[in-house]
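Excluded from the calculations below are hydrogen atoms, water molecules and symmetry mates; all remaining heavy atoms, backbone and side chain alike, are included. All chains are named by letter (A, B, ...) in the order of the sequence lines, taking the proteins before the strands, and each is independently numbered beginning at 1.
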Amino acid sequence: MSTRTSICWFRQDLRLNDNPALLAAADRGEVLPVFILDDENSDKWRLGAASRLWLHHSLKSLNRSLEGTLSIHRGRAEEIIPRLCRDHHIDQVFWNRCYEPWRIERDGKLKNRLKLHAVEAHSFNGSLLWEPWQILKKDGSPYKIFTPFYKRARTQEQGTLEEPQQAPPNLSLYRADHGGITVEDLRLRPDHPWCRKVERHWRMGEEGGLLALDTFLESRLSNYRTGRDFPAVSATSRLSPHLHFGELSPRQVWQRVSEVGYDDNVETFKSELGWREFSYYLLYHFPHLPTSNLKPQFDRFPWWLNQKWLHCWQQGMTGYPLVDAGMRELWQTGYMHNRVRMIVASFLVKNLLIHWRHGADWFWDCLVDADLASNSASWQWVAGCGTDAAPFFRIFNPVSQGQKFDQNGAYTRRFVPELQDLPDKFLFCPWKAPSSILEQAGIRLGEDYPYPLVDLQQSRKKALDSLKRVSSSS
DNA sequence: TTTTGAGTTGTTCGA
DNA sequence: GTCGAACAACTCAAA
């Protein structure tokens, strides 16, 4: 009898290195690695298209690392895991914790059910630097402001941050037939040209994650602090999708950048990892984060859903070149530079006055790094309805942001090629260009490139008025 | 309990 | 062209 066989249930931790659940399971004996696609039965937060594409490749990579033994299923984990335990006489299950409210609830139920069958479940921290319940104010309640949260975590971190672990050295895999299906059977990757486009920009899977980390450390980190603001400069880490799917753990990343030593770039990057933690922290303590305003005054904000405008924003046809460049980068690569994310989000919420949730939904579908915690927290931050939010008067101007952060237009021209020949002076405001210049650049406004959807000054004023009314009448 | 200082990423206007 | 102030009022965190 193989009572020493355990299940390692992979979820958002698609890696062998620094995987505490896998390590613990391997320590005990033979391991049956399991993955379950279970989002389709939960009515909310079905994976977006870009996430599914990434997951497809990440699973293939993981399965290769596991010598093809990954047992893949589709359906309800609460039923599949107990069934596997029964069929294969398995009495222990290991996994790394997830923090989405529906997953917390589901895992709790599963744990209880397993207990009834005399199966032990062990969960570990494989996705965060700091467990959300470990960082609290002196009165025991959760922080709502990033800076004090981060300071506290950093103070507490001294000596408590665990070292990342290697992959289990003598991983012994369970090889009996376990009735699973293949990665292809999950149909995560539609046969669509869009997939091939996105795939060109990434190396998905654990190996790709480790390579991306090396690249970041070797050639990007030294210019991170200032370079990260310029979308045409390669200075951001681009680690977000790898972290989201757990191809890398934040501990691995934290340790590798720490080896560089104390440095402005390192500190700035670490605080970005801190923001990732803070998003998970907020999601854990405020589970309604993805759907409702943390500041309840905003429930009265006069959002106005103009479907046509939303569509133009999604397609990168707003008439504001920097916004359109960002939205097209998103569509073509499954990613958008961080500064540009803030600009397009600010434009949707504060110039088009469309509810942040419509923006969050679109990002959810298109981003390869779509992450419930980060996406929700960031949209609330931009919209001003988060607890630790941008001041109401902070409205990005897509023209001046372009002039400041994409001076020579390299980023904008790359994604909005129809403006290729427009001189820098008018690149971010083509409607201001004299007709002779437009003609020279081969642009007929309204045909080759749209007129601006809204007037910046007017829409800005409207947003400020609405925000003033919403906050003063509380 | 009260008080004090502070809160990721901006824009505009007037001197 | 550059620079500093104004832009609301509130809530949060800690002393």
Side-chain contact check for Trp381(A): nearest option of dT8(B), dT11(B), dT12(B) is dT8(B)
With a 4.0 Å cut-off on heavy atoms, is Ser400(A) in touch with a base, just the backbone sugar-phosphate, or nothing at all? sugar-phosphate
### Query
Do we get Arg152(A) above Tyr143(A)'s six-membered ring, with its NZ or CZ under 6.0 Å from the centre and within 45° of the axis?
no
Side-chain contact check for Arg394(A): nearest option of dG10(B), dT11(B), dT8(B) is dG10(B)
Practice problem: Verify the contact: side-chain N or O of Gln401(A) to OP1 or OP2 of dT9(B), cut-off strictly under 4.0 Å; return yes or no. | Solution: no
Which of dC12(C), dT9(B), dA8(C) is nearest the side chain of Asn338(A)? It is dT9(B)
Taking dT11(B), dA8(C), dC12(C) as options, the one with an atom nearest any side-chain atom of Lys468(A) is dA8(C)
Considering only heavy side-chain atoms of Phe393(A), the closest of dC7(C), dC12(C), dT12(B) is dC7(C)
If pairing means Watson-Crick or G-U wobble with both distances under 3.5 Å, then the partner of dA14(C) is dT3(B)
Would you indicate what Glu272(A) reaches in the nucleic acid, counting non-hydrogen atoms under 4.0 angstrom: base, sugar-phosphate, or nothing? base
| query | Is the phosphate of dG10(B), meaning OP1 or OP2, less than 4.0 Å from a side-chain N or O of Asn397(A)? | reply | no
- Item | Rounded distance in Å between the P positions of dG5(B) and dA8(C) | 23 Å
Ring centre gap for His358(A) and Trp379(A) strictly below 6.0 Å:
no
Here the distance between atom C1' of dT11(C) and atom CZ of Phe286(A), to the nearest Å, is 12 Å
Practice item. Using a strict cut-off of less than 4.0 Å between a Lys/Arg side-chain nitrogen and an Asp/Glu carboxylate oxygen, indicate whether Glu267(A) and Arg154(A) qualify as a salt bridge. Key: yes
Between Asp369(A) and Arg276(A), does a salt bridge (charged side-chain N to carboxylate O under 4.0 Å, His left out) hold up when you go through it step by step?
CA-CA 12 Å; Asp369(A) 63 23; Arg276(A) 176 179 179 274; over 6 Å; no
Lys295(A) atom NZ is separated from dT11(C) atom C1', nearest whole Å, by 8 Å
Tell me what Lys461(A) touches on the nucleic acid: a base, only sugar-phosphate, or nothing, going by heavy atoms under 4.0 Å.
-> nothing
- Message: Check this for me: Gln440(A), atom CD, are more than 12 non-hydrogen atoms of other residues, nucleotides or ligands nearer than 6.0 Å?
- Response: no
Which of dC12(C), dT11(B), dG10(B) is nearest the side chain of Ile145(A)? It is dC12(C)
Taking a pair to mean Watson-Crick or G-U wobble geometry with both distances below 3.5 Å, dT8(B) pairs with none
Phe405(A) CZ to dT11(B) P, in whole Å, measures 8 Å
query: Lys404(A) side chain N/O closer than 4.0 Å to the phosphate oxygens (OP1, OP2) of dT11(B)?
result: yes
Check your understanding: So, Phe347(A) versus Trp313(A), ring centres under 6.0 angstrom or not?
Key -> no
To the nearest angstrom, the CG-C1' distance between Asn351(A) and dG10(B) comes to 13 Å
Rounded to whole Å, CD of Gln403(A) lies from C1' of dG10(B) at a distance of 14 Å
Among the nucleotides dG7(B), dA8(C), dT11(B), whichever has the atom closest to the side chain of Asp388(A) is dG7(B)
Handout entry: Rounded P spacing from dG10(B) to dT11(C) in Å
Key = 25 Å
**Nearest-Å distance once atom P is located in both dA6(C) and dT8(B)** = 22 Å
Taken to the nearest whole Å, NZ/Lys151(A) to C1'/dA15(C) is 14 Å
Tyr143(A) OH to dT11(C) P, in whole Å, measures 20 Å
Of the candidates dG7(B), dT11(B), dT9(B), the side chain of Thr147(A) sits closest to dG7(B)
note: Lys138(A), atom NZ; dT1(B), atom C1'; distance rounded to Å ~ 17 Å
- Query: Would Arg413(A) and Asp424(A) pass as an ion pair if we require N to O under 4.0 Å?
  - Reply: yes
